[in-house]
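The first residue of the sequence shown is numbered 1, and numbering continues consecutively from there. Whatever order the structure lists them in is the order used to number ligands and atoms, beginning at 1. Computed from a predicted model, the values in this text were never measured in an experiment.
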Amino acid sequence: MGEVDVTGPRIGWGVLGAAGIARRRFLPALEQARNGHLVALGSRSLDRAAALAPGGAVGSYEDVLADPAVDAVYIPLPNGLHAEWVRRALAAGKHVLCEKPLVLRAAEAEEIAIMAAAAGRVVMEGFMYRLHPQYEPAVWEPLVERIGRLRAAHVRRSFTQDHPGDYREDAALGGGAIWDIGCYCLDLVTRLCGAPVEVHATGDLRRGVEWTSAVQLRFPSGVLASAWWSFAGPLSQRLSLVGELGTLELDAPFRSDGPSGAWLDTGDGARWIEFPGDDCFRREIEHFGDVVLGAATPAVPLGDSARWLRVAEVVERQVRARADRPGEG
Ligand SMILES: NC(=O)c1ccc[n+]([C@@H]2O[C@H](COP(=O)([O-])OP(=O)(O)OC[C@H]3O[C@@H](n4cnc5c(N)ncnc54)[C@H](OP(=O)(O)O)[C@@H]3O)[C@@H](O)[C@H]2O)c1
């Protein structure tokens, strides 16, 4: 690890919950970030907080929000608790970086956008993948231009989830593959193509939550897209784009750290293109700090969060309706 340059302005961070993702990724990344430092980490258990943040442990989320040295909070709570704690953090005057999914309903994202604007605070959904070097405009835009006008897109993500007791398997806490990994697919496809005019989804449920979905989408531009995600599959992710002049296949569209690559084929044979790796969590923390400090605009605007959530609501409704009628054509 290199020396961190901390000569510029730095914002004070609070964390709500001794979450696995905070331990594995957010806290180590914050230590490396040039414009932020940890002030407080709150847990329902003071011991758990102390194990992660010996210097800043507190025994409740409320204590984090009450700390005047906390400028911004990171929310890595179970999905079903995000809406409540984003609102509470805003009411306490904090900026908020909330893990994906920001909330579970588009209307909640819209309400939060209104609250944030009224409070003069930044709220951003933690789609760290958007900060990967492969999506830097200077890299991504010329690459996509090579394949010409977009005609079709396919995105997928899967892994095997089997931890009864995990919030991902609990409907009351926002469980389901759609909120855990489907959100990435829907965010990416709507980011590339905008809001769809048609959505057709089918899938299955397990333990009362959505487990696998296959979705077809049509966009006003004429682009036809599909998405597939599952809690019952290999560790896998892919983005395939078909343009009028060629194809582009992203190896790891949701990568959070290492290098990635893409196959570009514009008619003269597929060519492998490599992208450098970086820690997307550190990049996300630094970017968010820059937004708070007025030096950048959010990489994930709240309008984008509401847009993919509108699609997710339709998908979840259709999957539930069809799963209740197995075998229907
Ligand atoms: N961006 C990414 O790459 C990425 C990766 C993984 C997860 N995530 C997101 O991060 C969030 C947390 O995921 P995780 O895997 O870190 O989850 P996790 O390890 O289960 O942590 C969730 C934390 O929430 C707190 N919590 C409060 N009420 C709870 C309840 N009723 N049941 C369970 N936990 C409760 C717990 O903290 P205390 O007990 O300490 O209060 C717990 O440690 C999710 O929104 C997920 O989508 C993002």
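- Taking a 4.0 Å cut-off on heavy atoms, His82 registers as neighbouring ligand 1.
- In summary, the side chains of Trp140 and Glu145 do not present any donor paired with an acceptor at a separation below 3.5 Å, with no hydrogens or angles considered.
- Taking every non-hydrogen atom of Arg168 and a distance limit under 4.0 Å, the qualifying atoms of ligand 1 come out as 6 (C), 7 (C), 13 (O), 14 (P), 15 (O).
- Residue Leu173 touches ligand 1 through its side chain alone, judged by heavy-atom distances below 4.0 Å.
- Ligand 1 places these atoms under 4.0 Å from at least one heavy atom of Leu81: 27 (C), 28 (N).
- When the heavy-atom distances from atom 33 (C) of ligand 1 to Ala172, Ala51, Pro78, Gly174 are ranked, the shortest goes to Pro78.
- Under 3.5 Å, the side chains of Thr212 and Ser230 contain a donor-acceptor pair of N or O atoms.
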(request) Evaluate the criterion ring pair (Phe, Tyr, Trp, His ring centres under 6.0 Å) for residue pair Tyr167 and Trp179; output intermediate values, then yes/no. (result) CA-CA 11 Å; Tyr167 79 83; Trp179 306 120; over 10 Å; no
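- Closest heavy-atom approach to atom 27 (C) of ligand 1 among the candidates Trp85, Tyr61, Tyr74: Tyr61.
- In this structure, the protein non-hydrogen atom closest to atom 35 (C) of ligand 1 is Arg44 NH2, 3.3 Å.
- Using modelled atom types, one finds a donor on one side chain and an acceptor on the other under 3.5 Å when comparing Ser226 with His154.
- Evaluated by nearest non-hydrogen atom to atom 44 (C) of ligand 1, the leading choice among Tyr129, Phe26, Tyr167 is Tyr167.
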(request) Just do the ring pair (Phe, Tyr, Trp, His ring centres under 6.0 Å) check on Tyr61 and Trp85 with the steps written out, would you? (result) CA-CA 9 Å; Tyr61 308 150; Trp85 285 98; 5.2 Å; yes
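- Interface atoms of ligand 1 facing Asn79, defined by a heavy-atom separation under 4.0 Å, are 44 (C), 45 (O), 46 (C), 47 (O).
- Considering each of Leu16, Ile21, Leu41, the one bringing a non-hydrogen atom nearest atom 4 (C) of ligand 1 is Ile21.
- Atoms of ligand 1 lying under 4.0 Å from at least one heavy atom of Ser43, given by number and element, are 38 (P), 39 (O), 40 (O), 41 (O).
- Summary of contacts: the protein heavy atom closest to atom 42 (C) of ligand 1 is Ala19 CA, 4.3 Å.
- The closest donor-acceptor contact from the side chain of His287 to the backbone of Ala299 lies under 3.5 Å.
- For atom 19 (O) of ligand 1, the nearest non-hydrogen atom from the set Gly80, Gly20, Gly42 comes from Gly20.
- No heavy atom of Arg25 sits closer than 4.0 Å to any atom of ligand 1.
- In summary, the side chains of Tyr184 and Gln237 do not present any donor paired with an acceptor at a separation below 3.5 Å, with no hydrogens or angles considered.
- Considering each of Phe254, Tyr184, Trp179, the one bringing a non-hydrogen atom nearest atom 3 (O) of ligand 1 is Tyr184.
- For Leu77, a nitrogen or oxygen atom sits less than 3.5 Å from a nitrogen or oxygen atom of ligand 1, counting backbone and side chain alike.
- Under a 4.0 Å criterion applied to the non-hydrogen atoms of Met128, ligand 1 contributes the atoms 1 (N), 3 (O).
- Nearest to atom 1 (N) of ligand 1 by heavy-atom distance, out of Glu125, Arg24, Glu99, Glu284, is Glu99.
- Ligand 1 is never approached by Ser256 to a heavy-atom distance shorter than 4.0 Å.
- Using modelled atom types and a 3.5 Å distance limit, the side chains of His82 and Glu84 yield no donor-acceptor pair.
- A cation-pi geometry, defined here as NZ or CZ lying under 6.0 Å from the six-membered ring centre and within 45° of its normal, holds between Arg191 and Tyr135.
- For ligand 1, the atoms closer than 4.0 angstrom to any heavy atom of Pro76 are 11 (C), 12 (C), 22 (C), 23 (C).
- Under 3.5 Å, the side chains of Trp308 and Glu125 contain a donor-acceptor pair of N or O atoms.
- A donor-acceptor contact under 3.5 angstrom links the side chains of Arg25 and Ser256, judged on distance only.
- Arg156 and Ser236 share a donor-acceptor pair across their side chains, judged by distance under 3.5 Å alone.
- Ser260 pairs in a side-chain hydrogen bond (donor to acceptor under 3.5 Å, both in side chains) with only one of the listed residues (Glu274, Gln134, Arg255), which is Gln134.
- Contact annotation: for Arg48 versus ligand 1, heavy atoms closer than 4.0 Å belong to the side chain alone.
- Taking every non-hydrogen atom of Ala18 and a distance limit under 4.0 Å, the qualifying atoms of ligand 1 come out as 37 (O), 38 (P), 40 (O), 43 (O).
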